[in-house]
Amino acid sequence: MLASAIQTSVIGAALVEILSGELSDETIAAIDAIKRDDIPLPLNHIVGYIQGMNMDPNLRRSIVRDLNDEIRIIAEEQKEKLT
């Protein structure tokens, strides 16, 4: 199963924002519009995390920090598969 070009673009924007330490309302709304079942592993986990996140601006920094850690874990798992 492959994500569509639009889904890939939206997820890419989310990853860039997360790695920059932020996550905009616009990107969250775009991720919310994605059908999680259409996204392959391991990215569907990140999509699901964003879709289920609390929108409280006071919590957003800690959520972005958690998402950074999730990306790190996914990257390490993918690296292990390649070695």
Side-chain angles (χ1 to χ4, degrees):
M1 168 184 358
L2 296 174
S4 74
I6 293 172
Q7 291 169 328
T8 300
S9 179
V10 169
I11 294 168
L15 292 173
V16 168
E17 288 185 12
I18 292 164
L19 293 173
S20 297
E22 58 186 51
L23 195 55
S24 68
D25 290 339
E26 294 82 8
T27 300
I28 293 168
I31 290 286
D32 282 344
I34 291 175
K35 185 175 176 188
R36 184 178 175 193
D37 293 340
D38 292 342
I39 307 302
L41 289 171
L43 292 176
N44 72 351
H45 179 69
I46 297 293
V47 169
Y49 198 111
I50 294 170
Q51 288 176 340
M53 71 183 265
N54 185 317
M55 293 297 293
D56 182 347
N58 296 322
L59 295 176
R60 193 162 306 185
R61 183 171 285 290
S62 67
I63 292 168
V64 169
R65 189 174 25 246
D66 291 345
L67 284 164
N68 265 289
D69 196 44
E70 290 296 320
I71 292 168
R72 179 190 58 77
I73 291 166
I74 290 169
E76 287 175 358
E77 289 171 351
Q78 293 300 104
K79 183 180 175 183
E80 287 177 17
K81 289 179 183 179
L82 297 173
T83 56

Inset, instruction - Output the distance between atom CD1 (Ile63) and atom CD1 (Ile28), rounded to the nearest 0.5 Å. - result: 8.0 Å
Legend entry - Atom of Arg36, atom of Gln51 and distance for their closest heavy-atom approach: CB-OE1, 3.8 Å
Inset, instruction - Indicate yes or no: at least one non-hydrogen side-chain atom of Ile31 is less than 4.5 angstrom from one of Met53. - result: no
Inset, instruction - Look at the side-chain heavy atoms of Ile, Leu, Val, Met, Phe, Trp and Tyr, link any pair under 4.5 Å apart, and say whether Leu23 and Leu59 land in one connected group. - result: yes
Legend entry - Inter-residue atom distance Leu43.CG - Ile74.CD1, 0.5 Å rounding: 6.5 Å
Legend entry - Side chain proximity check, Glu22 to Arg61, heavy atoms < 4.5 angstrom: no
Legend entry - All salt bridge (Lys or Arg N to Asp or Glu O under 4.0 Å) counterparts of Glu77, not counting sequence neighbours: none
Legend entry - Min side-chain heavy-atom separation Val64-Glu17 under 4.5 Å: no
Legend entry - Spatial distance of atom CD (Glu70) from atom CD1 (Ile73) [nearest 0.5 Å]: 5.0 Å
Inset, instruction - Taking all heavy atoms of Ile18 and all of Asn68, pick out the closest pair and write down the distance. - result: O-ND2, 2.9 Å
Inset, instruction - Determine whether Leu19 and Leu67 fall in the same hydrophobic cluster, where Ile, Leu, Val, Met, Phe, Trp and Tyr are linked whenever their side-chain heavy atoms lie under 4.5 Å apart. - result: yes
Using distance only, find each side-chain donor-acceptor pair of residues 8-16 under 3.5 Å and give its atom names and separation, not counting sequence neighbours.
{"residue": "Thr8", "atom": "OG1", "partner": "Ser4", "partner atom": "O", "Å": "2.9"}

Inset, instruction - Please report the closest heavy-atom contact between Met55 and Asp25, naming both atoms and the distance. - result: CE-OD1, 3.9 Å
